Q: 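Okay, here's the structure, questions in a sec.
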Amino acid sequence: MAPTGKPTLAVVGATGAVGAVMLQILSQRADIWGEIRLIASPRSAGRKLAVRGEEVEVVALTEDAFDGVDIAMFDVPDEVSAEWAPIAAARGAVVVDNSGAFRMDPDVPLVVPEVNPHAVRTRPRGIVANPNCTTLSMIVALGALHAEFGLRDLVVSSYQAVSGAGRAGVDTLRAQLSLVAGTELGTKPGDVRRAVGDDTGPFPEPVALNVVPWAGSLREDGWSSEEMKVRDESRKILGLPALPVAVTCVRVPVITTHSLTVHARFQGEVTVDGAREILATAPGVVLCDDPAAGEFPTPADVVGTDPTWVGRVRRALDDPTALELFVCGDNLRKGAALNTAQIAELVAAELMGGTSARA
Ligand SMILES: NC(=O)c1ccc[n+]([C@@H]2O[C@H](COP(=O)([O-])OP(=O)(O)OC[C@H]3O[C@@H](n4cnc5c(N)ncnc54)[C@H](OP(=O)(O)O)[C@@H]3O)[C@@H](O)[C@H]2O)c1
């Protein structure tokens with residue numbers, strides 16, 4: 001801990017899509033940090049980025065970059081986290097990792113502060129994992145309903161924003177939109193594909209004027225890695241290792257904010273009024289549900305906000321134990337940077353309280 005008594009924080013991947021939002025969030029939330037050190041690849045060393053109203057120079061990722069660091073947030077690709085998070089932990093930092101490298105490691109807790117905050121304290125590897133953005137976009141609302149009703153199974157479809165694929169995803173959609181804007185494209189088979197060309201960036205198909213039923217890489221039996229993450233991570237966070245979960249992940253032409261339809265079945269009968277009461281009072285959730293007045297959450301309104309927004313709350317027509325929901329969450333804020341910042345704040349409070357960091 002620095003002589004100020006305030007913890008030193010490192011943001012690894014400060015120049016990326018998540019990193020940029022992290023710097024905004026660190027500038028907006030209560031300032032509990034001493035030094036904030038910005039780290040990225042050697043390509044970015046020397047660049048200056050604004051955080052807490054000050055310009056801070058980015059340094060290259062090296063072992064020495066972690067000297068004196070108490071908490072290190074990692075917002076970098078999986079393979080970079082896999083190599084460097086243990087190095088940072090070995091140098092004494094508690095790592096909060098946003099990548100997929102450690103989420104399913106039994107010795108790494110997967111934490112959502114509104115749902116399982118207690119899990120953060122048991123971290124034998126000195127690493128805490130942040131869930132995937134799609135899981136995070138629904139889990140705060142689901143966790144609140146589960147605490148009251150007991151979740152029995154889950155069917156989810158996602159409508160995922162392109163920034164879930166990082167800066168490359170945003171650049172791809174913007175470039176494609178500029179090619180199709182003001183045209184009559186979207187009326188003949190293949191006309192959009194011909195207009196945007198063969199390079200579809202991180203997506204397997206054009207994403208402008210389209211929906212693409214794919215996110216991530218191919219796993220067994222036709223499932224995508226993104227779908228497996230939602231299933232595995234929901235089970236781990238909720239402490240329900242055998243929860244039946246069926247997921248279909250779909251990419252849509254939205255810049256930022258993932259949406260999901262959720263069919264959740266519970267232990268006993270549920271009522272819409274009961275569900276609405278829970279959602280209206282759950283920390284981190286906003287209920288926005290008045291279809292008669294045309295009120296439901298959409299990415300265009302939710303982007304840039306912190307909570308999980310829930311609308312279209314209905315009881316399933318054929319099952320009195322099940323609810324149907326439409327959920328939106330900013331995939332770069334709660335879906336990534338905000339949850340990481342909240343975890344780091346939990347760890348900082350623990351370090352300042354002097355409790356042991358490793359169980
Ligand atoms: N986007 C989302 O919605 C989202 C949500 C949850 C979790 N995540 C996860 O968060 C992580 C970052 O995602 P992103 O979307 O921010 O990616 P991104 O926009 O591509 O940014 C990647 C960051 O990692 C840095 N980096 C890359 N290779 C590096 C290396 N060898 N050494 C040091 N730094 C390196 C980059 O630095 P340079 O600028 O110097 O190249 C940049 O700061 C990923 O693991 C992703 O899966 C993303």
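Numbering of residues begins at 1 and proceeds along the displayed sequence. Every heavy atom of this structure was used, including side-chain atoms; hydrogens, water molecules and symmetry mates were not. In this text the structure is predicted, and so the values were computed from the model without any measurement.
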Q: Is a donor from one side chain sitting under 3.5 angstrom from an acceptor on the other, for T134 and E226?
A: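 There is such a pair (donor and acceptor under 3.5 Å, judged by atom type) between the side chains of T134 and E226.
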Q: For F149, which residues count as a ring-ring contact (aromatic ring centres under 6.0 Å, His included) partner, sequence neighbours excluded?
A: F266
Q: With salt bridge (charged side-chain N to carboxylate O under 4.0 Å, His left out) as the rule and sequence neighbours excluded, what pairs involving residues 135-161 come up?
A: D153-R265
Q: Could R193 and E205 be called an ion pair, given the rule that one side-chain N must be under 4.0 Å from one carboxylate O?
A: yes
Q: Who are the ring-ring contact (aromatic ring centres under 6.0 Å, His included) partners of F66, not counting sequence neighbours?
A: F74
Q: May I ask you to say whether E55 pairs ionically with R47, meaning some side-chain N is under 4.0 Å from a carboxylate O?
A: no
Q: What I want to check is whether the side chains of T172 and R174 have a donor and an acceptor closer together than 3.5 Å.
A: no
Q: Taking atom types as modelled, find out whether D330 and T256 have a side-chain donor-acceptor pair closer than 3.5 angstrom.
A: no
Q: Of all residues at least two apart in sequence or in a different chain, which pass the side chain to side chain donor-acceptor pair (under 3.5 Å) check with R231?
A: none
Q: Under a 3.5 Å threshold, yes or no: a donor from one side chain and an acceptor from the other, between T62 and D64?
A: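 D64 and T62 do not have a side-chain donor-acceptor pair below 3.5 Å.
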Q: Tell me which donor-acceptor pairs under 3.5 Å the side chains of residues 135-142 have, and how far apart each pair is, sequence neighbours excluded?
A:
from : atom 1 : to   : atom 2 : distance (Å)
T135 : OG1    : E233 : OE1    : 3.3
S137 : OG     : C133 : O      : 2.7

Q: Taking all atoms of both residues into account, what is the closest heavy-atom pair of N98 and V18, and its distance?
A: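 N98 and V18 have their closest heavy atoms at ND2-CG1, 3.5 Å.
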Q: Mind checking side chain to side chain donor-acceptor pair (under 3.5 Å) for W84 and listing every partner two or more places apart, or none if nothing turns up?
A: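 So W84 forms no side chain to side chain donor-acceptor pair (under 3.5 Å) with any residue.
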Q: Between M352 and P7, is there a side-chain heavy-atom distance shorter than 4.5 Å?
A: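 Touching, per the 4.5 Å side-chain cut-off.
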Q: Is the backbone of C249 close enough, under 3.5 Å, to the side chain of E227 for a donor and an acceptor to pair up by distance?
A: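 Yes, because the side chain of E227 sits within donor-acceptor range (under 3.5 Å) of the backbone of C249.
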Q: Is the backbone of L323 close enough, under 3.5 Å, to the side chain of R314 for a donor and an acceptor to pair up by distance?
A: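 Side chain of R314 to backbone of L323, a donor-acceptor pair under 3.5 Å: no, none is there.
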Q: Between R276 and V313 (side chain of the first, backbone of the second, donor and acceptor by atom type, cut-off under 3.5 Å), is there such a pair?
A: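 The answer is no, because no donor-acceptor pair under 3.5 Å joins these two groups.
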